[in-house]
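Here is the structure we will look at.
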Amino acid sequence: MKVESITLHRVGMPLVRPFETSFGRETERVVLLVHLVTDVGEGWGECVAGKTPGYSSEYVEGCAHVIEHHLAPLLFRAPHVRAADLERLFAPVVGHRMAKAALEAAVLDAELRASGISFAHYLGAVRTEVDCGVSVGISPSIDELLTEVQGYVDAGYRRIKLKIKPGWDFEPVRRVRDLLGPDAALQVDANTAYTREDIAHLSRLDDSGLLLIEQPFDEEDIASHVVLAQAIETPVCLDESIVSVGVAIDAIDRGATSIVNIKPGRVGGYLPAVAIHDACRARGIPVWCGGMLETGIGRAMNVALAALPGFTLPGDTSASDRYYAEDLTEPFVLDDGRLAVPTGPGSGVTVRTELVREWGLQPPVLLTER
Ligand code: SMG
Ligand code: MG
């Protein structure tokens, strides 16, 4: 297909409650959306970068800049664009995976809508619904944390993930374990808040029977994760570190990670995400689908990805109402702790363009071939 125009929308989405991690507290998500118009139809993609470079070096304005000045021109210049060719087409731009992933999602959406194929079918899904977990932020107090967790248990979530940081680890984790009982699926995510010196301290988490500990150390510090994995019983799972299939294989081979969090935005798109899934599956490494507070646009695609056979653990694929009172698409609603995988062409959801306009933080930017 030929890409005719790309419109960038910056949308402000109020969160139903603040979300606090080891690197900051958010009350609103600023979302960059890309809307592609092609000769065969339209597609939408969501960029997972945050407003600030807190989770990763990428952030909304950086992504918008690299799309406008470096990636969009490559798309406009290509006579025939196919999602499967994008990794090669975008190769002149180093890194910027979240920006590339947003465009890849929009290209895939347009391509699949035009051919009447769903994301799930195209990616290789084997399930019609996926088990859902929920990510619980750092709370002002343990009592408030327990109330929030109980609400998610009542809603039916099949796994709880707690954000941790130094000073907010064993005690909240132990109290949540007591609340949930010994058999409930519970895991923690440190978002790089610890260092190798904390290994003895982190080994105390073994008492809480966790499914895994996610990314305690710096994203570039694979070596310390190897040392941790040898020192504790709790499985180590990498998130931020896994930026490509090559890094995934290296981290697995070195024993740094025995479970992998796959986020399409972090790895450059859904096709690289499938490649990581395949590499993990070939090595007997379970994977699960991470989340970046996606609106229904990204959520629909993530749910399709989470239906692939290697996704054997519940993902951070929670319902729309975990973050948003109103979603930018039809809402994703939990049914017995699961979300249904969309079956319609492309992402299978319809973007509420009136809301995109109404919640726009600035006028949309239209890009065309110059
Ligand atoms: O979408 O439910 C979600 C968010 C899940 O905790 C979550 N994501 O490191 O895994 C992670 C964090 C990063 C989000 S910070 C913006
Ligand atoms: Mg994480």
Side-chain angles (χ1 to χ4, degrees), residues 13 15-32 46-60 63 97-98 101 130-139 145 148-149 152 155 157-165 168 186-194 210-219 225 235-243 251 257 259-267 273 287-303 305-306 313-324 327-328 332 334 339:
M13 301 276 293
L15 300 180
V16 293
R17 53 155 55 99
F19 186 57
E20 185 171 332
T21 61
S22 58
F23 58 84
R25 183 180 166 90
E26 283 179 276
T27 53
E28 179 198 53
R29 173 153 183 249
V30 176
V31 194
L32 177 67
E46 173 169 350
C47 181
V48 302
K51 186 180 177 198
T52 62
Y55 166 84
S56 72
S57 60
E58 291 189 82
Y59 64 105
V60 166
C63 288
R97 293 182 173 91
M98 292 180 179
V130 300
D131 287 354
C132 298
V134 61
S135 175
V136 186
I138 292 164
S139 240
L145 175 72
E148 187 179 348
V149 169
Y152 296 135
Y157 284 103
R158 290 174 174 258
R159 179 274 274 154
I160 301 288
K161 155 167 145 180
L162 301 181
K163 292 292 187 180
I164 58 167
K165 65 175 182 182
W168 182 266
L186 176 65
Q187 63 190 54
V188 295
D189 185 2
N191 289 112
T192 77
Y194 296 87
L210 301 175
L211 218 49
L212 58 90
I213 175 169
E214 188 178 344
Q215 196 78 40
F217 309 133
D218 193 80
E219 67 173 273
H225 290 97
V236 176
C237 169
L238 291 178
D239 170 1
E240 283 89 332
S241 296
I242 305 295
V243 294
T257 190
I259 297 173
V260 170
N261 168 330
I262 299 184
K263 289 177 180 164
R266 194 193 64 226
V267 304
V287 303
W288 55 281
C289 185
M292 292 293 285
L293 296 84
E294 283 87 351
T295 72
I297 300 169
R299 195 164 299 277
M301 301 173 186
N302 284 355
V303 169
L305 179 70
L313 294 171
D316 283 342
T317 45
S318 39
S320 296
D321 68 2
R322 156 70 184 91
Y323 292 109
Y324 307 114
D327 209 335
L328 295 180
F332 280 81
L334 219 55
L339 288 181

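Both ligands and their constituent atoms are indexed starting at 1 by order of listing.
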query: What protein atoms of element N, O or S are positioned under 2.8 Å from the Mg ion (ligand 2)?
result: Asp189 OD2, Glu214 OE2, Asp239 OD2
Could you list the donor-acceptor pairs under 3.5 angstrom formed by side chains in residues 130-137, with sequence neighbours left out?
{"residue": "Asp131", "atom": "OD1", "partner": "Arg338", "partner atom": "NE", "Å": "2.7"}

message: Please determine whether side chain to side chain donor-acceptor pair (under 3.5 Å) holds for the pair Gln215 and Ser241, giving the CA-CA distance in whole Å, both sets of side-chain angles, and the decisive distance to 0.1 Å.
response: CA-CA 8 Å; Gln215 196 78 40; Ser241 296; 2.9 Å; yes
task: For ligand 1, would you mind listing the residues that have at least one heavy atom less than 4.0 Å away, ordered by chain and number?
output: Phe19, Phe23, Glu26, Tyr55, Ser135, Lys161, Lys163, Asp189, Asn191, Glu214, Asp239, Lys263, Gly291, Met292, Leu293, Glu294, Asp316, Tyr323
task: Look at the aromatic rings of Tyr323 and Phe19 and report parallel, tilted or perpendicular, splitting at 30° and 60°.
output: perpendicular
task: Any chance you could measure Ile138, atom CD1, to Lys165, atom NZ, to the nearest 0.5 Å?
output: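 It is 4.5 Å, given to the nearest 0.5 Å.
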- request: Mind checking side chain to side chain donor-acceptor pair (under 3.5 Å) for Ser318 and listing every partner two or more places apart, or none if nothing turns up?
  value: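 Result, side chain to side chain donor-acceptor pair (under 3.5 Å) vs Ser318: none returned.
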- request: Flag the pair Asn302 / Asp316 as yes when at least one side-chain heavy-atom distance between them is below 4.5 Å, and no otherwise.
  value: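 Sidechains of Asp316 and Asn302: no contact.
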field: Any side-chain heavy-atom pair of Trp288 and Asn261 under 4.5 Å
entry: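 Trp288 vs Asn261: side chains touch.
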- prompt: When you check the side-chain N and O atoms of Glu46 and Thr295, is any donor under 3.5 Å from an acceptor?
  reply: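 Thr295 and Glu46 do have a side-chain donor-acceptor pair below 3.5 Å.
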query: Where do Leu145 and Trp168 land on the side chain to side chain contact (heavy atoms under 4.5 Å, CB included) test, with the steps shown first?
result: CA-CA 11 Å; Leu145 175 72; Trp168 182 266; 3.7 Å; yes
